[in-house]
Structures are given as structure tokens and as C-alpha cells.
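Below is one structure, written out as C-alpha cells; the observations come after it.
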Amino acid sequence: MAVLIHGRIGESIKRKEDGRFLRGKGNYLDDFVLPDMLHMAILRSPHAHARIKSVDTTAASAMPGVIAVVTGELMAQHKLAWMPTLSGDTQAVLATDKVRFQGQEVAAVVAETKYQAEDARDAIVVEYEILPAVISPDGAKAAGAALIRDEKEGQKDNHIYHWESGDKAKTQAAFAKAHKVVRLQTFYPRCHPAPLETCGCIADVNGATGKATIYMTSQAPHAIRTVFALVTGLPEQQIRIISPDIGGGFGNKVPVYPGYVVATAASLLIGRPVKWVEDRTENLISTGFARDFHMTGDLAVDDKGKMLALRVHLDSDNGAFFADAQPSKFKAGLFHIVTGSYDIPTAHVTADGYYTNKAPGGVAFRCSFRVTEASYLIERLVTNAAIELGIDQAEFRKKNFIKPEQFPYHSATGWVYDSGDYPKAMDVALEKLGYTELRKDVEARRKKGEVTGIGIASFTEVVGAGHGAEFDILGLRMFDSAELRIHPTGKAMLRMGTKSQGQGHETTFAQIVTEELGIPAADVAVEEGDTDTAPYGLGTYASRSTPVAGAATAMVSRKIREKARKIASHLLEAAEEDLEWEVGKFYVKGSPDRSKTIQDIAFAAYTNLPVGMEAGLEGVHYYDPPNMTYPFGTYAVVVDVDKGTGQVKVRRMVAVDDCGVRINPMIVEGQIHGGLTEGFGIAFMELITFDSEGNCIGSNFMDYLLPTAWETPKFELGETVTPSPHHPLGAKGVGESATVGSPAAYVNAVIDALSPYGITNIDMPIGPDKVWAALRSKGVTE
Ligand code: MCN
Ligand code: CUN
């Protein structure tokens, strides 16, 4: 009889980590207090662009409790005034020559208490000569624009990169034959991941042993260890990065920030631990932002409504330093996915990156390396095209979807989609929504003068980088790892190269071990984030943990199962070939009573081994996936617009996701709820913008509006399951899907509602002011 083993794949078991989180017993960075610890505060530039004439630290140095005042000049003496970025550019650690964005790090104070450090910081006197600020790619291109990176040899303008993908000639030829070309010019504005916990570190360099232990809010501790070793010259075994519990990352905690470098240098020089924790404004104005893509898309369609070709140009606003985190081959990230869910025969994409006087970054915020922008553009363009062609949005999509039998599908930009069933996900969504009836209802309401509409987005994502040959960060191949040790009593310890920030890894990865070995999930401890103990991995972002480290966990479990079979054969005195595996035990074929559980076998691995066999039951696996995984879904939104105020109300939001096999359905739904909320925030509320002098507007939660349960609509979820053919469990990543797919659905609904008035675009966030102005511009009043 099969025994029920708690926590297998598909079971919505409660999150193991929540016991400590719900009791306020998590261990976040700021909870750590080390003996003799000092505190650091950073002085930031009030100007977006200015030459530094002088930095006077005399008064600050004399303030109570101050141990050191660190300037760019001091860092330069140690060759640490500049550091490399993830994109192979350089970034100032502390400014020496100029400041290039508001909030840039200029100097730091290390003192006995945080308050003393902050008071002394305010006593540093910096003399600036203000320069004109560049705040957009258009500004960066303009004749006579201020040269931002004048310190870079050979840099004569503000252009960073040009990048192309697809087939230009073939695309041009297809456009020449088109029945109709629909154009959408749209801006995906700068927004910010804004995790509840801001970024920070405690650097503890031990003067006696030379070992640097750095507690850090990092999504990728191993990669950071290697980068630190390369930048500082410290031997890598002497560097230990510990990422404790993380209070949300959303991509914000991937980059290396100047504060980490300064705190580490300060600890090294002073010989005491140094803690640095950002406040909210510092987080919003200086750390990894997201998007800021200005996009133009042209879609060529034939007279039967079939898509013929796609042409896209984008200008990317990268801020003052090119610090976008993306695989080094892909300058505009994975924007290649811009043909989305559609069988478009040919496409051509061009991208140009520009320096501006804004904070650097660019990859953050549940984005899978710019898939978000690509998905937004194609889904907006497809709805606009349907409206312009007079075809139903859903029908136009169905007519052009990649068909289930076309997988593995080779996209026009050279990518191979692993699996998908787009029509099915759409059908489930339309059914749930009651689409046919709703469309009639929309028509009826419009006749009564109401402004209402339905928006659809049928997104395709690409997540789970590597494989390592194509995907790397600074040359480090994007594989990932799992190390599993089974203790004599049958309990287990699983360690991985990834790092949860709230995604529930301690639960879901234990469930993979349960599925593969039959050890109950409660008996499997999962540990991540300590580079002294965890196997090497590239970390958690791009929804890669399940596709890569999850696969590694399955593989290492299977390796261990093979050794377990040998031990079972010894214990049962039966040939290995005569043993059958059933989750949790081996039994002799035909005699199910003659069996040994995984716990019996684990004990034997330390007490009663076959002659000549190595003791123990453990292993490690480094998994380099053969391909990415391509989760997808259809989101549908119904909105009502108040003509008088421009207020948009989301009446319905249906989200059907397909992420292959779901390990823990409840956690997956939690991920989707979070993503739909963030997508809602981006579509309607959140904006990091700048005035003409480069002052950041959106530097606090009064101006940068995060949605709460009050604003967000009720989410109605659905699912389909199309396994990934190359993942050992058939799972695809899901952590970013809802943030990627939902903004276009929300905006499409608004555009559909406004389409009778000839309105084709409003840039996010769609506040009532913009809707009101758009309606008034078309002569619509109350
Ligand atoms: N999962 C599952 N079945 C699947 C896919 C995933 O049960 N088929 C589970 C996983 O096992 C994991 C969770 O869902 O517990 C998310 O898995 P995955 O899609 O692999 O994504 P990652 O774990 O790599 O998380 C990264 C992703 C990213 S890139 C951002 S940004 C983001 C996101 O996750 N940041 C988050 N979700 C977040 N959720 C929280 N609470 N906090 C963040 O900072
Ligand atoms: Cu781009 S945000 Mo997530 O990949 O950490």
C-alpha cells in the first residue's frame, strides 16, 4: 500500500519559513548587531549634474563619535573610487570629478552610532558647479547636450550601445507587401521595485585572520563574492557573503552598490565591523530602477488579418552608468522575445542605449531581463492593431498564435520556445470572464454613454537563464546548484546557489526532495545564501530558481536514489534490477512486503554498508539547463472610466497562467497575486520621474504610490499546465509572469474603453489626470 508522504509536488503545503516571519522572528540584515560595530551614513549629491570643486570634511571629522570620513579622493588612493558594473561599464563608488545623478554617493561617515554618522554627514561641505542635466534619451542625443561621461576615454557623446536582432532585409520586404501597418509609439516609464526592506550590509573584516565576512541583502551572494575578490584582490576563500532573510528583492538586490564597497573598505581600514542600511529615499533615488524604455513598434498585417512582420526600435535610458544587469551578450536584455505569442514570420529589432543624469540600473523589478518591456509593447500593439482593423482582440490573437503543434518553436529573432498552448490558456480566460456576453454588455453600455472596455494580454515569457554557453553574468555561466545530505536518521539538509527573498524556497525545494526521495517536506531543511556553506550558484532573479536550481535539486535527489538502490539491494539481499522504486521506498518486484524505506536506507548508509561502498548518503549537482523555459498566460481586464473625473475602475481581472507543473500551487498563486498587484501599481500609480533639472520626483512613498489592498482589484485566477519538455519535473518559472503580463492587460482595457474616441495611447501610469486630458482633447465632457 502506498503510504501518504507529506509535501509532494502539487500539494499546497503551508510555507515552512512563515513560522518565523509571522512571529517577527526573521533575521533581516538590520537585526544583526555585531560586537564593536560602527555605523556608516552616505552623503549624496543634491544635484543631477555638477562638477565637484571641493569637499571639506574638517567640521565633520571633529564631530562626536566620528571615526572616519571617507571621500572619493581617499577611495582613489586605494584604487577604489570606481568599480566595474554588471554591463562592463564603470561606476563611481564615491564621486571624485563630477556628480552625475541626484542621490549619487559623494562621501561617507563612519561613527559609533547611526545618529552620529548622520549628523556628521550633514556637516560635510561640498562646493559644486552646477551643469545642465540630461533627463531623457532625446535630451542625450540633442546637439550640444552636456557630455555626461567626460571621464571615459573616447566617449564623445551620450550614446552607450547599438544592438540589433532579427532580419532587416526580410522584414523590410514583408512590410513592402503589407495590407496594413499599425504603429504604436509608447513609453514604459521608469519605476522602482521598492522592496519593503531597503538595501544594506555589515562588513566585518577580521584584522587577525584577514577574513572578510559581509552580511548583505543580496539576491546573488556567490557572484558578489567573486566580483569582490576580483575588485579588491582579496583571496576568494577569505571572503564570505551571507545573505540573511531578505524582505523582498524584486531585482533591486542584484547589483553591487557603492555603499557595500565603501563599508567593506572602511571595515578593512578601521578593523571593526561597519553597518550601512539605506533609508527609503536613498533606496528610491539611487538603487536599481526598472524600465525607462521609449519604444516604437510597427506591425505589418495582410488582408486576412495575419501578421507578416514586426519592426521595433527602442531607446533605452540607462542613467549615468551602464549598470543594467543582463547576460553579457544581450545589450538590451532578452528583449528578443518581442514577437511574443505570435507566429510572426520575420522581425527586426534595433536598440540604442543612452547615458542620462539619472540613477543607474535598469534590470530590476520582476522583469526577466527586459521581457517586461517587450511583452508590454507587443501586447499593446496587437490590441491597437485589432481595434484599428476592426477585428475582435481575442480573435485577432487566436488567428496569429503560435499553434500547439509548432513547438519547439523557432522565433523570428532566433529563440526556441520549449512548449506552449496559447489558445487553451486564452479559452480558459475568456470562459472565466464570460467574454462573449461581456462584449455585448460593453456595446450596450457604450450606447448609454458609458466609457467601458476590455483588455487582453496573452503574454509569453522567457525565464530560467542559462544555458551557460549563451547566458552569463560577467563571464560567470548561469548554471545553478543543489547539495543534498541525508542524515543517518533520514532527515535531510538541502543547500542551493539561489537565494529566496520571499518566494518560499524553503518549502518548494523541500517538496522536490519529497517527490524524488520520499522524505517528508518537514524533514528537509533548506538553506541558501551563505557562500561558505552553499554550493556555487548565480542566484535568484529572472525566475530562474525553479528552472535551474529546482532542476539541480531533482537531479541530485536522483543521484542519491541510485546509491540508495545499491544499499537497498544489500539490505534486501536482492539484485538491483529486481528492485522497484515507489516514492519513499524500494521493494522487491512481486513482493511489496519486502521493502526498505528511504529512512532505513539512510541509516544503513552510516551503519551497514555493502563491502567496499563509501559511507554516507549525499551529493551535489550543478545543472546547466538545455534551454530556457517559456511560461505564458492570458490576462483579461474590464474597466469602467468616469468621464467626469478620468478615474479608471478595474471591474474584473482574470489571470490564467501556465508555468508547467506547479510544485506548490498555493505559492504559485501567491506569486501571481503579488505580480498582478505590482502590475496594477505600474499601470496606474507608480512613477519615478524627474524635473528638467534632474530632481527625482518619486523619492518617497507620498510621491511614489504603491498599491495596497484598498486600490487593487479582486483577482480571479485560472490555470493550464503545459509541462516544459526539458525540465526534469516539467516546471517553468513563474515569479515574474504576472508583473510582465499584466500592465498591458490593464492598459489595453483603458485603451479599448477610449477607442471609440480615437485615443490609441496613454503612457503609464494611467492616472485620472491623463485620462481626463485625453478625453477633453477629443472634445468629450461629462
Ligand atoms: N514555483 C512552483 N512551481 C512552479 C514555479 C515556481 O511552485 N512551476 C514556486 C517556486 O518553487 C518558488 C516560487 O514559486 O517558491 C517562485 O519560483 P520561480 O518562478 O522559480 O522564481 P524564483 O524563485 O527564481 O524567484 C525570482 C522571482 C523574481 S526574478 C522576482 S523579481 C520576484 C519574484 O520571484 N521577487 C520576489 N517573486 C517575489 N516574491 C516575493 N515574495 N519577493 C520578491 O522579492
Ligand atoms: Cu528583473 S527583477 Mo527579478 O529578475 O530579480
Side-chain angles (χ1 to χ4, degrees), residues 9-13 15-18 21 191-197 217-220 245-255 288-291 324-327 333-334 361-373 461 463-465 473 478 480 496-512 515 526 528 537-551 553-554 629 631 657-675 677-678 719 721-724 727 729-740:
I9 288 183
E11 238 186 275
S12 287
I13 61 169
R15 301 198 335 162
K16 293 166 56 157
E17 44 271 81
D18 283 347
F21 292 152
C191 49
H192 198 280
L196 199 54
E197 177 202 34
T217 51
S218 175
Q219 298 177 221
D245 285 335
I246 292 188
F250 306 106
N252 190 233
K253 290 168 179 167
V254 174
F289 69 92
R291 331 293 189 236
D324 204 336
Q326 83 283 59
L334 306 189
V363 80
F365 209 178
R366 281 184 136 167
C367 59
S368 281
F369 303 127
R370 307 290 192 176
V371 175
T372 322
E373 292 90 326
E461 257 236 89
V463 305
I473 294 283
M478 296 175 84
D480 226 287
M496 291 178 302
T498 43
K499 176 64 210 169
S500 191
Q501 312 126 44
Q503 293 90 342
H505 290 183
E506 288 172 45
T507 307
T508 44
F509 291 120
Q511 289 184 261
I512 296 177
E515 184 69 23
V526 177
E528 299 173 306
L538 269 279
T540 290
Y541 41 86
S543 307
R544 65 188 295 280
S545 304
T546 305
V548 194
T553 303
T629 66
D657 272 274
D658 190 322
C659 58
V661 172
R662 295 183 175 197
I663 297 162
N664 183 315
M666 176 192 71
I667 288 182
V668 168
E669 289 186 4
Q671 287 290 306
I672 293 165
H673 276 195
T677 303
E678 291 181 330
E719 69 170 284
V721 177
T722 311
S724 167
H727 186 280
L729 304 167
K732 300 182 179 187
V734 76
E736 292 159 307
S737 291
T739 320
V740 170

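As a basis for the values below, the full set of heavy atoms in this structure was taken, side chains included, without hydrogen atoms, waters or symmetry mates. By convention here, the first residue in the shown sequence is residue 1. Just so you know, ligand 1 is whichever comes first in the structure, and atom 1 is the first atom listed for that ligand.
Here the heavy atom of the protein found nearest to atom 22 (P) of ligand 1 is Ser545 OG, 3.5 Å. Closest to atom 3 (N) of ligand 1 among all protein heavy atoms lies Ile663 N, 3.1 Å. Looking from atom 17 (O) of ligand 1 to the surrounding protein, the closest heavy atom is Thr546 OG1, 3.4 Å. In this structure, atom 7 (O) of ligand 1 lies nearest to the protein heavy atom Asn664 N, 3.0 Å. Atom 21 (O) of ligand 1 has as its closest protein heavy atom Ser543 CA, 3.5 Å.
Where the criterion is an N or O separation shorter than 3.5 Å, residue side chain and backbone included, Gln501 meets it with respect to ligand 1. Polar contact check, Val254 against ligand 2: no nitrogen or oxygen pair lies under 3.5 Å apart.
Looking at Arg662, Lys732, Glu669 and measuring to atom 5 (C) of ligand 1, the nearest heavy atom belongs to Lys732. The nearest non-hydrogen atom to atom 8 (N) of ligand 1, considering only Leu729, Val734, Ile9, Val661, comes from Val661. Among Gln503, Gln671, Arg15, the residue whose heavy atom lies closest to atom 26 (C) of ligand 1 is Gln503. Closest heavy-atom approach to atom 29 (S) of ligand 1 within the set Pro665, Ala542, Ala290: this belongs to Ala542.
None of Thr553, Asp480, Thr540 except one satisfies the side chain to side chain donor-acceptor pair (under 3.5 Å) rule with Ser545; the exception is Thr540.
Listed by number with element, the atoms of ligand 1 under 4.0 Å from a non-hydrogen atom of Gly249 are 43 (C), 44 (O). The ligand atoms of ligand 1 that sit less than 4.0 angstrom from a heavy atom of Gly251 are 31 (S).
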